[in-house]
Amino acid sequence: MAANNISNGNHDTQNSNSLVQALMTDQYQITMAYAYWQNDRTYERACFDLFFRKNPFGGEFTLYAGLSECVKFIQNFRFTDSDIAYLKSVLPPDTQDGFFEHLRQLDCSDVELYSIAEGMVVFPRVPLIRLEGPLGVLQLLETPFLNLINYASLVATNAARFRMAAGPNKSLLEFGLRRAQGPDGGLTASKYSYIGGFDGTSNVLAGKLFGIPLKGTNAHSMIMSFASMDDLKCRTLQPAEGSYPVEFASICERWLGEVCKLCDVLKEQTIKGELAAFIAYARSFPKGFLALVDTYDVMKSGLVNFCAVALALDELGYRPIGIRIDSGDLAYQSIVAREVFTKLGESLQKPWFPKMVIVASNDINEDTLLSLNQQGHSIDSFGIGTHLVTCQKQPALGCVFKLVQVNELPRIKLSHDIEKVTIPGRKQIHRLYGQDGRPLVDLMQQLGENPPEQGKSVLCRHPFEESKRAYVRPAKVVPLHQLYWKDGKVCQPISSLEETRAVAKQSLQMLREDHKRALNPTPYKVSVSDNLYQFLHELWLQSAPIEELH
């Protein structure tokens with residue numbers, strides 16, 4: 001069945017990645033689908049929850065991301081003729097032909113998808129997605145949904161933690177494409193880092209596909225490609241307000257002498273090839289000149305060469321941007337650079353000079369940002385790659401997809417590891433807020449229970465620890481699950497990237513600071529209603545075998 005699209009803006013119904021298709025699944029999903037079909041169970045009504053068990057990175061919150069791609073996936077879900085032909089070639093030869101015809105006709109028109117809004121702060125055990133529909137169809141959605149949610153939520157959360165560590169007023173730029181796990185990982189990281197709070201990306205394709213602001217300057221290779229001023233083939237630049245080009249290189253060399261005197265640096269120590277590279281780049285981008293200054297020596301060459309070219313640009317009516325430092329003691333070098341900018345600005349009566357941007361990169365992680373804050377620094381912007389996109393601190397979120405009901409019969413997964421015991425049945429989720437407007441607890445109830453009400457006490461219980469319980473009198477109650485897909489149609493607009501980014505920012509701002517702190521954060525409370533608690537433990541006892549001792 002063709003699904004109707006009511007997504008907003010210019011966002012189409014296709015997945016961002018063409019590899020996201022029905023065959024992007026694990027083989028055992030196909031074999032289970034065959035077993036359901038052969039035993040006439042495909043169309044029995046089932047319910048699955050998608051959730052995670054533990055917050056990542058040692059923290060106490062997670063940003064939820066990937067929902068829009070899941071909705072697009074079920075809009076386009078179908079097995080093509082080539083998919084069927086391939087499955088015939090790899091499944092056992094006695095697989096009945098009717099199964100393949102069944103797959104050919106399969107779609108998600110009978111599936112219902114309930115979800116928390118993308119970008120929201122979420123917590124362990126709370127179902128991010130509740131899927132209801134035919135058992136055999138839902139089973140085929142498990143692997144792709146987990147794939148689309150796990151990494152997206154992980155990297156968005158990682159980005160949010162970087163944002164909190166850097167502070168709200170610093171610019172964060174994602175530079176991770178070259179270190180990401182392949183093209184798919186690179187694009188996904190760029191997209192969801194932006195949702196998590198980064199301001200731009202170096203990934204040109206991500207800029208085209210998702211509208212993320214592009215940021216970038218140059219690399220050491222360009223600086224090193226100039227050995228001397230003789231390599232500078234073009235020496236002129238047209239002034240911002242002038243009609244004829246002027247000898248720009250000579251102006252830069254004149255300013256270099258002045259800067260070296262003011263900064264007490266020997267002009268002879270500066271690297272002339274570096275100066276030539278800066279002049280060449282400034283000629284190409286006079287309105288956006290930002291130079292990489294650590295190719296040779298920041299203090300003795302890179303910084304003064306940059307200042308000379310920056311002052312020459314100013315003389316011709318242009319405003320340079322700043323510098324990037326990619327190695328060494330970032331805190332110390334940034335402070336010295338700011339002192340130089342301030343000194344030159346005061347000496348030369350250039351009030352804009354001390355305000356130039358200082359960008360830092362060089363394998364920065366969350367701990368680096370926290371350490372820089374403790375040391376004190378003058379960095380305005382951070383370019384972050386490897387540790388952001390690869391999530392080196394924790395490589396996976398660990399979302400799971402569990403059957404919680406079939407044919408109106410709630411089901412429970414038991415384990416000696418309490419963390420892996422599931423909460424059975426179809427559930428409704430509400431977030432309860434305190435008088436200060438901040439979330440207090442997420443409450444899970446059986447579907448059909450009277451929802452909690454503003455100003456009225458409700459008993460909230462820990463799912464497994466009997467003594468952990470509290471009455472909560474919420475100042476505000478917000479239902480978390482919304483219906484996104486039913487009867488083959490999208491039921492509400494899919495949020496744009498900017499809208500999801502805004503949701504994430506607001507959701508994080510509302511969370512208490514002690515839940516977000518880097519060291520020993522306070523766990524957020526996730527509770528069940530008294531009815532659900534009693535039902536859970538009754539079903540647990542009914543389902544657990546009774547041991548006989550001899």
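Keep in mind that what you see is a predicted model, and the values were worked out from it rather than measured. Note: hydrogens, waters and symmetry copies are ignored here, and every other heavy atom, side chains too, is used.
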Problem set entry | Between S371 and Q375, a side-chain donor and acceptor under 3.5 Å | yes

Exercise. Do S301 and N305 have a side chain donor and acceptor closer than 3.5 Å?
Worked result: yes

Exercise. Do N362 and S327 have side-chain atoms, one donor and one acceptor, less than 3.5 Å apart?
Worked result: no

For this session: Could you please spell out the steps behind the side chain to side chain contact (heavy atoms under 4.5 Å, CB included) verdict for T143 and F401?
Result: CA-CA 8 Å; T143 298; F401 189 89; over 6 Å; no

Exercise. Can you check whether L63 reaches Y192 side chain to side chain, under 4.5 Å on heavy atoms?
Worked result: no

Problem set entry | Distance-only donor-acceptor check, side chains D294 and H220, under 3.5 Å | yes

Exercise. Can you tell which of V126, L67, I129 makes a side chain to side chain contact (heavy atoms under 4.5 Å, CB included) with I116?
Worked result: V126

For this session: With sequence neighbours left out, write down each residue that passes salt bridge (Lys or Arg N to Asp or Glu O under 4.0 Å) with R283, or none if nothing qualifies.
Result: none

Problem set entry | Worked check of salt bridge (Lys or Arg N to Asp or Glu O under 4.0 Å) between E419 and R125 | CA-CA 9 Å; E419 193 177 69; R125 292 197 173 278; over 6 Å; no

Exercise. With distance as the sole criterion, is a donor-acceptor pair present between the side chains of E315 and W255 under 3.5 Å?
Worked result: yes

Exercise. Do we see a donor-acceptor contact under 3.5 Å between the side chains of Y194 and E498?
Worked result: yes

Problem set entry | CA sep, side-chain torsions, deciding dist, call: R163, D199, salt bridge (Lys or Arg N to Asp or Glu O under 4.0 Å) | CA-CA 10 Å; R163 164 53 67 198; D199 300 295; 2.8 Å; yes

Problem set entry | D314 bridged to K350 by N-O distance under 4.0 Å | yes

Problem set entry | Candidate pair M120 and S507, rule side chain to side chain contact (heavy atoms under 4.5 Å, CB included), full reasoning | CA-CA 6 Å; M120 288 285 286; S507 186; 4.0 Å; yes

Exercise. Does P127 offer a backbone N or O that forms a donor-acceptor pair with the side chain of H481 under 3.5 Å?
Worked result: yes

Seminar exercise, completed: Residues L330 and A360: closest non-hydrogen pair is CD1-CB, 4.1 Å

Exercise. Any donor and acceptor pair, going by atom type alone, linking the side chain of D231 with main-chain N or O of A227 inside 3.5 Å?
Worked result: yes

For this session: Mark yes or no for whether K272, through its side chain, and T270, through its backbone, hold a donor-acceptor pair below 3.5 Å.
Result: yes

Exercise. Looking at side-chain heavy atoms only, is the closest gap between V71 and Q75 below 4.5 Å?
Worked result: yes

Exercise. So, are D442 and R431 salt-bridged, with charged N and O less than 4.0 Å apart?
Worked result: yes

Exercise. With under 30° as parallel and over 60° as perpendicular, where do the rings of Y281 and F285 fit, or are they tilted in between?
Worked result: tilted

For this session: Examine the side chains of S361 and R324 and answer whether a donor and an acceptor come within less than 3.5 Å of each other.
Result: yes

Exercise. How would you list, by chain and number, every residue that makes a ring-ring contact (aromatic ring centres under 6.0 Å, His included) with H515, sequence neighbours excluded?
Worked result: Y524

Exercise. Does I74 reach the side chain of F145, with side-chain heavy atoms less than 4.5 Å apart?
Worked result: yes

Exercise. Looking at side-chain heavy atoms only, is the closest gap between V155 and C391 below 4.5 Å?
Worked result: yes

For this session: Write down the atom of P521, the atom of G58, and the distance for their closest heavy-atom approach.
Result: CG-O, 3.8 Å

For this session: Sort and list the pairs that fulfil side-chain hydrogen bond (donor to acceptor under 3.5 Å, both in side chains) and have at least one residue in residues 328-342, not counting sequence neighbours.
Result: R338-D380

Problem set entry | Aromatic centroids of F306 and F289 separated by under 6.0 Å | yes

Problem set entry | Minimum side-chain heavy-atom gap V304-M299 below 4.5 Å | no

Exercise. Is a side-chain donor-acceptor pair under 3.5 Å present for S193 with K191?
Worked result: no

Problem set entry | Expected output: side-chain D26 to main-chain Q29 donor-acceptor under 3.5 Å | no

Exercise. Looking only at atom types and distance, does a side-chain atom of R501 sit under 3.5 Å from a main-chain N or O of F198, one as donor and one as acceptor?
Worked result: yes

Problem set entry | Flag side-chain contact, heavy atom, 4.5 Å: L177 against L187 | no

Exercise. Would you say the side-chain atoms of E274 pair up with the backbone N or O of G302, donor to acceptor, closer than 3.5 Å?
Worked result: yes

Exercise. Minimum heavy-atom separation for Y151 to A189, with atom names?
Worked result: OH-CB, 3.4 Å

Exercise. Can any side-chain N or O of W352 pair as donor or acceptor with the backbone N or O of G345 at less than 3.5 Å?
Worked result: no

For this session: For the pair E60 (side chain) and N55 (backbone), establish whether a donor and an acceptor sit closer than 3.5 Å, ignoring hydrogens and angles.
Result: no

Exercise. Should E366 and R161 count as an ion pair when the cut-off is N to O under 4.0 Å?
Worked result: yes

Exercise. Quick check: does any side chain N or O of N147 sit under 3.5 Å from a backbone N or O of V20, one acting as donor and the other as acceptor?
Worked result: no

Exercise. Are any of the side-chain heavy atoms of L113 and L483 separated by less than 4.5 Å?
Worked result: no

Problem set entry | Q181 side-chain N/O to G186 backbone N/O, donor-acceptor pair under 3.5 Å | no

Problem set entry | Residue pair E174 / T201, side-chain donor-acceptor N/O under 3.5 Å | yes

For this session: Taking atom types as modelled, find out whether S115 and Y64 have a side-chain donor-acceptor pair closer than 3.5 angstrom.
Result: yes

